Amino acid sequence: MAVSQSSFSSSLVLCLFGFFVHIALLSTNLCFAADPTISYEFHVSYITVSPLGVPQQVIAVNDKFPGPRINATTNYNVIVNVFNELDEDLLITWPGIQMRRDSWQDGVLGTNCPIPPNWNWTYDFQVKDQIGSFFYFPSLNFQRAAGGFGSFVANNRPIIAIPFAQPDGDIEIFIGDWYTQNHTALRKTLDTGKDLGIPDGVLINGKGPYRYNTTLVPDGIEYETIHVDPGKTYRLRVHNVGISTSLNFRIQNHILVLAEAEGHYTIQQNYTDFDIHVGQSYSFLVTMDQNASTDYYTVASARFVNESLWQKVTGVAVLHYSNSKGPASGPLPDPPNDVYDKSRSMNQALSVRQNGSASGARPNPQGSFHYGSINITDTYVLQSVPPVTINGTLRATLNGISFVNPQTPIRLADKHNVKGDYKLDFPNRPLNRPPRKDISIINATYKGFMEVVFQNNDTVMQSFHLNGYSFFVVGMDYGVWTLESRGRYNNWDAVSRSTTQVFPGAWTAVLISLDNVGVWNIRAENLDRWYLGQETYLRIINPEENGETEFAVPDNVLYCGALANLQKEQKHKSSASSISCKNSRLLLTLIIAFLAFTFS
Ligand SMILES: *[C@@H]1O[C@H](CO)[C@@H](O)[C@H](O)[C@H]1NC(C)=O
Ligand SMILES: *[C@@H]1O[C@H](CO)[C@@H](O)[C@H](O)[C@H]1NC(C)=O
Ligand SMILES: *[C@@H]1O[C@H](CO)[C@@H](O)[C@H](O)[C@H]1NC(C)=O
Ligand SMILES: *[C@@H]1O[C@H](CO)[C@@H](O)[C@H](O)[C@H]1NC(C)=O
Ligand SMILES: *[C@@H]1O[C@H](CO)[C@@H](O)[C@H](O)[C@H]1NC(C)=O
Ligand SMILES: *[C@@H]1O[C@H](CO)[C@@H](O)[C@H](O)[C@H]1NC(C)=O
Ligand SMILES: *[C@@H]1O[C@H](CO)[C@@H](O)[C@H](O)[C@H]1NC(C)=O
Ligand SMILES: *[C@@H]1O[C@H](CO)[C@@H](O)[C@H](O)[C@H]1NC(C)=O
Ligand SMILES: *[C@@H]1O[C@H](CO)[C@@H](O)[C@H](O)[C@H]1NC(C)=O
Ligand SMILES: *[C@@H]1O[C@H](CO)[C@@H](O)[C@H](O)[C@H]1NC(C)=O
Ligand SMILES: *[C@@H]1O[C@H](CO)[C@@H](O)[C@H](O)[C@H]1NC(C)=O
Ligand SMILES: CC(=O)N[C@H]1CO[C@H](CO)[C@@H](O)[C@@H]1O
């Protein structure tokens with residue numbers, strides 16, 4: 001590639017400038033701010049890989065699929081400059097990271113204008129008072145079905161002990177159903193009112209299954225190997241990043257000791273296998289206490305489906321001891337045998353308890369927050385039903401409303417007095433009226449204590465997520481929720497998390513302390529239901545807005561919709577100035593070499 005002399009030097013000047021700015025920022029932090037800052041650059045682009053043996057377009061971050069880990073610690077400031085190198089709009093969202101008072105950084109259409117192709121946008125937020133295991137992903141246009149996800153870890157501060165011995169290693173595991181069709185093709189299927197059908201497989205860390213069965217798994221598929229040493233204990237952070245399939249996770253002959261669920265330490269309990277629903281994250285402590293006569297299977301298999309039809313929807317990785325004597329062989333460890341037992345999986349979910357004496361973000365000598373003695377101020381029953389046809393298109397609804405995104409992000413519209421952008425009339429019960437598309441959101445009361453009941457009248461397993469918060473999962477049962485159901489809530493040690501499963505024909509109740517101002521997305525994590533409109537927002541405003549409760553609009557905010565005229569064109573970088581500092585160091589070396597050669 002020919003690069004002119006002037007662009008060489010301009011890129012050098014830019015880089016040197018960037019370098020000094022960086023130093024300046026660093027020293028500012030060292031001198032004035034107590035909380036460290038970590039910075040990342042995310043280049044989000046397409047790559048072609050063949051996880052199931054068929055070449056396909058997937059979304060990578062910095063050419064990695066899954067993307068790089070964000071490794072933060074409680075209260076760190078995190079800066080992520082996201083470069084959209086796709087051919088369509090992009091936003092990255094960080095579910096579970098609470099963005100306190102700062103929904104400007106949340107990365108969904110109700111809070112942010114999308115980053116157009118060839119543009120970049122810098123997220124800048126604090127991991128305030130949080131610990132735990134999360135994952136980020138692209139929130140628009142069904143893109144998560146193509147990848148773009150990666151791990152987001154918030155470590156305990158060194159002065160706060162974790163409630164278990166320091167593990168010997170930290171291993172991230174992404175499990176998820178997968179289609180060999182790209183996300184634009186999947187989108188088209190949904191747009192024409194069709195079902196996506198049975199997935200083509202389950203990926204583990206972006207890779208297809210180990211060939212445990214020569215009939216079921218074609219030859220030549222690259223699989224994931226997890227390398228471990230005998231006798232050691234590892235923390236496995238497992239995330240279901242898939243589209244809609246609940247997965248049963250298990251490791252042959254090994255016990256999973258549950259230790260954390262989306263940002264809170266749990267009572268440590270042993271499981272042979274664990275159901276992980278779409279969007280959920282868990283940490284398990286796993287001790288390598290087996291002999292190394294062979295490798296062991298690590299399995300993520302489809303749950304609550306007809307197994308004879310879904311056999312291929314099984315992810316298989318290999319747990320490899322450093323002293324292993326041979327490959328894994330034979331059948332996979334059995335999935336739970338509960339075809340006639342609807343309660344096993346729900347009981348497992350209810351067995352997850354918070355460890356009230358474990359410290360997370362801050363020391364916790366008094367034990368956990370006594371949520372059970374707080375009076376409920378608002379109740380929203382959000383009912384989901386199978387997709388319905390509205391005005392000729394197939395849509396998914398909550399309380400009969402299929403959400404349409406506002407033209408302008410909600411708080412930005414507020415700040416600029418844009419009228420008619422959204423409506424604050426989301427019903428708190430399913431209403432007896434025809435389903436409709438609407439830009440209707442929940443008018444939630446700041447400092448209220450809200451009860452949300454997800455009533456799943458759909459035929460599929462669901463999971464629901466709320467951004468900006470974690471909620472106490474106090475109850476779950478089959479049938480229809482009534483006020484009497486409150487009598488069976490766990491008012492003592494329910495786990496606080498941000499994504500909960502809701503079984504078909506059942507309800508799940510969560511309690512939320514509304515202390516985080518902003519607008520926060522509440523949605524189905526099942527990507528197809530979400531895409532078809534199963535979401536809304538909680539708008540939570542301090543009525544005594546005094547400038548201290550919500551962060552100001554960030555300087556680099558993007559404008560769109562009714563405010564599109566305020567947006568300045570972003571200067572697209574020429575190919576020369578997009579040369580990174582790393583490359584420029586190489587170039588500098590080359591220039592010096594060239595000069596040395598010329599003058600010698
Ligand atoms: C993450 O950060 C912590 C604390 O700074 C450090 O101890 C750990 O080694 C890092 N882990 C990874 C995987 O980079
Ligand atoms: C885009 O990236 C450049 C650095 O390459 C940065 O200076 C600029 O602030 C970024 N733009 C936005 C809107 O964040
Ligand atoms: C709960 O946390 C405490 C404090 O760190 C720890 O000592 C204890 O082992 C944990 N209990 C369980 C059952 O996980
Ligand atoms: C996505 O899939 C569609 C349908 O199979 C195909 O026409 C299109 O070329 C694919 N796009 C890319 C970039 O692979
Ligand atoms: C492989 O899977 C097929 C299809 O389920 C089954 O019939 C066969 O017994 C399996 N082979 C082995 C070696 O388990
Ligand atoms: C839980 O599993 C660990 C091995 O990972 C074992 O040492 C421990 O005894 C088990 N605890 C119970 C209560 O079964
Ligand atoms: C090693 O473990 C496997 C599986 O538990 C068992 O079948 C085998 O007999 C064991 N071998 C030795 C040498 O202990
Ligand atoms: C599973 O699917 C197979 C093949 O279509 C069918 O024969 C069988 O009856 C189904 N089993 C159940 C429990 O629905
Ligand atoms: C909760 O409500 C009850 C009666 O409805 C009332 O007596 C009690 O004081 C309230 N508790 C708090 C903490 O507000
Ligand atoms: C159907 O579309 C028409 C025209 O856009 C609109 O007026 C009407 O409200 C829509 N009906 C529903 C149920 O959304
Ligand atoms: C939203 O709720 C607040 C009370 O929390 C109320 O004052 C306000 O009128 C409500 N707004 C709408 C549009 O219903
Ligand atoms: C799947 C499911 O739970 N369906 C129920 C939805 O609600 C109607 C009545 O409101 C029931 O008849 C269905 O069985």
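Counting convention: from 1, in listed order, for ligands and their atoms alike. Just so you know, these numbers come straight off a predicted model, no measurement behind them. These values consider heavy atoms only, across backbone and side chains, with no hydrogens, waters or symmetry-generated copies.
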Heavy atoms of the protein only: does one fall short of 4.0 Å from [atom]?
atom                    : result
atom 13 (C) of ligand 5 : no
atom 9 (O) of ligand 5  : no
atom 5 (O) of ligand 9  : no

Aromatic centroids of [Y] and [X] separated by under 6.0 Å:
X      : Y      : answer
Tyr296 : His320 : no
Phe472 : Tyr371 : yes
Trp94  : Phe125 : yes

I'd like to know if [X] pairs up with [Y] as an ion pair, taking the criterion as any Lys NZ or Arg NE/NH1/NH2 lying under 4.0 Å from an Asp or Glu carboxylate oxygen.
X      : Y      : value
Glu222 : Lys207 : yes
Asp334 : Arg250 : no
Lys325 : Asp295 : no
Asp102 : Lys128 : no
Asp493 : Arg353 : yes
Arg211 : Asp219 : yes

Does any N or O of ligand 9 fall below 3.5 Å from an N or O anywhere on Asn375, backbone included? yes

Geometry only, no angles: is Glu41 polar-contacting ligand 2 at N/O separations under 3.5 Å? no

Heteroatom proximity flag, Trp121 to ligand 2, N/O under 3.5 Å: no

[X] neighbourhood, listing ligand 2 atoms whose heavy-atom distance to it stays under 4.0 Å:
X      : answer
Thr122 : 10 (C), 12 (C), 14 (O)
Phe83  : 2 (O), 5 (O)
Asn556 : 14 (O)

What do we get for Leu558 next to ligand 2 when only non-hydrogen atoms under 4.0 Å count, side chain, backbone, both or neither? neither

Where is the nearest protein heavy atom to atom 3 (C) of ligand 5: which residue, which atom, and how far? Asn213 ND2, 3.6 Å

Any idea which atoms of ligand 5 are less than 4.0 Å away from a heavy-atom of Leu216? 2 (O)

Quick check: does Gln311 get an N/O under 3.5 Å from an N/O on ligand 5? yes

